[in-house]
Trainee: 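Below are the structure tokens for one structure; questions will follow.
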Amino acid sequence: MRILASDPVAEKGLNILREEGFIVDEKIKLSEEELIKIIPQYDALIVRSETKVTARIIEAAENLKIIGRAGVGVDNIDLAAASKKGIIVVNSPEGNTIAAAEHTIALMMALLRNIPQAHAALKAGKWLRKEFTGYELRGKTVGIIGLGRIGTAVAKRVKAFETRVIGYDPFISEERAQMLGITLMPLEELLQNADIVTMHLPLNNETRNLINRERLKLMKKSAFIINCARGGIIDEEALYEALKAGEIAGAALDVFAKEPLTESPLFELQNVIVTPHLGASTKEAQINVAIDVAREIANVLKGGLAQNAVNFPAMDKESYQRLKPYINLAEKLGNFLAQILSGGLLAAEIVYNGLAFKEETRPLTLAALKGLLDPLLMEKVNYVNAPVVAKERGIKVRETVMENGADYTNLITLKVTTEKGERIIAGTLFRNNEPRIVQIDQYRVDVVPEGYKLFVPHKDQPLMIGRVGLILGEKGINIAGMQLGRLTPGGDAVMVLSLDHPADGDSIKAIAEIPGIYEVKAVSL
Ligand SMILES: NC(=O)c1ccc[n+]([C@@H]2O[C@H](COP(=O)([O-])OP(=O)(O)OC[C@H]3O[C@@H](n4cnc5c(N)ncnc54)[C@H](O)[C@@H]3O)[C@@H](O)[C@H]2O)c1
Ligand SMILES: O=C(O)CC[C@@H](O)C(=O)O
């Protein structure tokens, strides 16, 4: 099998692959067109941050089984396209943590003490001392945005400088922050209070331009900002304006919205110091990430499971084919439940009944969690980060596997506890590949988990269906199907309507006002 390294990757890593019998080609600085031409020959691709693995490249990658990112950020890889094509994407999340944290500290000190500017002046023959009077780090408040691996490593290090550390990360718990000695606060409050703000979060649709014009205005005039995470998290134009207008004191940037970048208005400002994406560029980190990613690739190409897949639970092809319909079902169950929940999520239990789940349930649990958490959170939740996100939010996840014990041959039941109570959903496959929701709360139903639904618990009494139908009908919303479930005649009941179009807010409100309707939830699957 052939492996292509399209960015410079440490030989120690590539040699692991050669020793395993793989053919490894190193071809760097290829254009998209060049990559498209050669990619069909390869079973694996190794990249750092320079190669942009676009949908077009992935589309052409007929034999590609795995993309290995020698580093953390996978924003240079089109994950959706890779997932769609069944290509596993792995990264090496730990190998460069210290390198990036130390680079952040180096930038922080250089920024506070004007080291690059003083260095350049002296080499140009100017002995300037007064002009380069700096600031001490001791006693300052450091605001860390993103408290993952690098953010917490930075926190530990700046604490040694006798600083106060404040942090913003919507996905870590108060307890964890307390353990790290970091005071958590909302983003706006952090920006108002920090003397130095440093970014350590991924770039995604939610974090693009997170630090925009308005947020820069919240910072102290004396404050410094550092970005050693990803370009695009700080709006570069707004940053330029803020620095030029003296709204903040200075910036240190290792990463840029467009890379490589050799010209920028920011480079002309005296109070900006820059490095060309060097955060991970230490000998140690490059060896670490190359070894980690090489081991992953060798393992996956030999049919093993990936440890750091970012886009899919890793499984051999056979198990994947067998479990795929259950993976989809589990995700839909989670997704449905997420859309009818209220109150903060405390716990999720997934119960598997039946022989289909004897060997492997992990991918199903990840799928159920992804389905459950993704609609509830800002961040994109995937199969890999779902358990981490759940853990960080203090959501207890339990998995129970039973060979039998239910009314169906194979049944997945998801029970969720929120601050407001418990909700249950269960599903199965009819004829082995037709997914059905067969239980919601205490009601037995038979619902195809697809399309637009209205979930309407109500009192079992005449006219309920008619009045709901009338409201939707008057709005031109066609009811494609309806399922009813009830406990006892005249007691509690539920209707699950399948709609051709999503119900609008006014119709939902009108239905909720019908006497005897307990709640109305719109669900889109
Ligand atoms: N400059 C470099 O060469 C270099 C080197 C390594 C990593 N990085 C980048 O550093 C970043 C952090 O890496 P890491 O290993 O610490 O990742 P990580 O996944 O361990 O941590 C990221 C943290 O960001 C938090 N987060 C996500 N969305 C957020 C939001 N909207 N607001 C606040 N916090 C949010 C997550 O909860 C998580 O705790 C990544 O973007 C990575 O690509 C850059
Ligand atoms: O490959 C590099 O040098 C950069 C890596 C870094 O940005 C990362 O996200 O791990």
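Atoms within each ligand, like the ligands themselves, are counted from 1 in listed order.
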Trainee: Got a sec, which pairs hit side-chain hydrogen bond (donor to acceptor under 3.5 Å, both in side chains) with one end in residues 132-147, sequence neighbours left out?
Mentor: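 Matches after skipping sequence neighbours: none remain.
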Trainee: Going by the order shown, which atoms of ligand 1 are within less than 4.0 Å of some heavy atom of His277?
Mentor: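 Atoms satisfying the 4.0 Å criterion: 1 (N), 2 (C), 3 (O).
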Trainee: Regarding Glu422 and Lys415, does a basic nitrogen lie under 4.0 Å from an acidic carboxylate oxygen?
Mentor: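 No, Glu422 and Lys415 are not salt-bridged.
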Trainee: Decide whether an N or O pair under 3.5 Å exists between Val72 and ligand 1.
Mentor: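 Not met; the criterion fails.
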Trainee: Would Glu11 and Arg18 pass as an ion pair if we require N to O under 4.0 Å?
Mentor: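 Counted as a salt bridge, because a side-chain N and a carboxylate O are separated by less than 4.0 Å.
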Trainee: Nearest heavy atom to atom 5 (C) of ligand 1 wins, so pick from Gly73, Ala153, Ala100, Gly148.
Mentor: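 Looking at heavy atoms only, the winner is Ala100.
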Trainee: Short N or O contacts of ligand 2 with protein, under 3.5 Å, listed by atom name?
Mentor:
residue  : atom   : partner : partner atom : Å
ligand 2 : 1 (O)  : Arg48   : NE           : 3.0
ligand 2 : 1 (O)  : Arg69   : NH1          : 3.4
ligand 2 : 3 (O)  : Arg48   : NE           : 3.3
ligand 2 : 3 (O)  : Arg48   : NH2          : 2.7
ligand 2 : 7 (O)  : Arg230  : NH1          : 2.9
ligand 2 : 7 (O)  : Arg230  : NH2          : 3.1
ligand 2 : 7 (O)  : His277  : NE2          : 2.6
ligand 2 : 9 (O)  : Arg69   : NH2          : 3.2
ligand 2 : 9 (O)  : Gly73   : N            : 2.8
ligand 2 : 9 (O)  : Arg230  : NH2          : 2.7
ligand 2 : 10 (O) : Val72   : N            : 2.5
ligand 2 : 10 (O) : Asn96   : ND2          : 2.9

Trainee: Starting at CG of Leu107, measure out to CD1 of Ile115 and round the result to the nearest 0.5 Å.
Mentor: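 Rounded to the nearest 0.5 Å, the CG-CD1 separation comes to 10.5 Å.
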Trainee: Would you call Lys302 and Glu20 a salt bridge, using N to O less than 4.0 angstrom?
Mentor: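 A salt bridge links Lys302 with Glu20.
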Trainee: Asp254 heavy atoms, cut-off 4.0 Å: which ligand 1 atoms fall inside?
Mentor: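 Answer for ligand 1: 1 (N), 2 (C), 3 (O).
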Trainee: Nearest 0.5 Å, what's the CZ-CG distance between Phe336 and Leu414?
Mentor: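 Rounded to the nearest 0.5 Å, the CZ-CG separation comes out at 12.0 Å.
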Trainee: Mark the output for Thr97 as yes if a heavy-atom distance to ligand 1 is under 4.0 Å, and as no if none is.
Mentor: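 Thr97 does not count as a contact of ligand 1 under the 4.0 Å cut-off.
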Trainee: Salt bridge or not for Asp25 and Arg2, using N-O below 4.0 Å?
Mentor: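 Judged by the 4.0 Å cut-off on N to carboxylate O distance, Asp25 and Arg2 do form a salt bridge.
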Trainee: Report the member of Leu107, Ile150, Asn227, Ile98 with the shortest heavy-atom distance to atom 8 (N) of ligand 1.
Mentor: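 Checking each option, the heavy atom nearest atom 8 (N) of ligand 1 is found in Ile150.
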Trainee: Under 4.0 Å from a heavy atom of Cys228: which atoms of ligand 1 are those, numbered in the order shown and with their elements?
Mentor: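 Every atom of ligand 1 under 4.0 Å from some heavy atom of Cys228: 1 (N), 2 (C), 4 (C), 44 (C).
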Trainee: May I ask you to check if ligand 1 and Thr207 share an N or O to N or O distance below 3.5 Å?
Mentor: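 No.
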Trainee: Would you sort out whether Leu525 and Gln339 count as a side chain to side chain contact (heavy atoms under 4.5 Å, CB included), showing the intermediate values?
Mentor: CA-CA 10 Å; Leu525 296 169; Gln339 296 177 69; 4.1 Å; yes
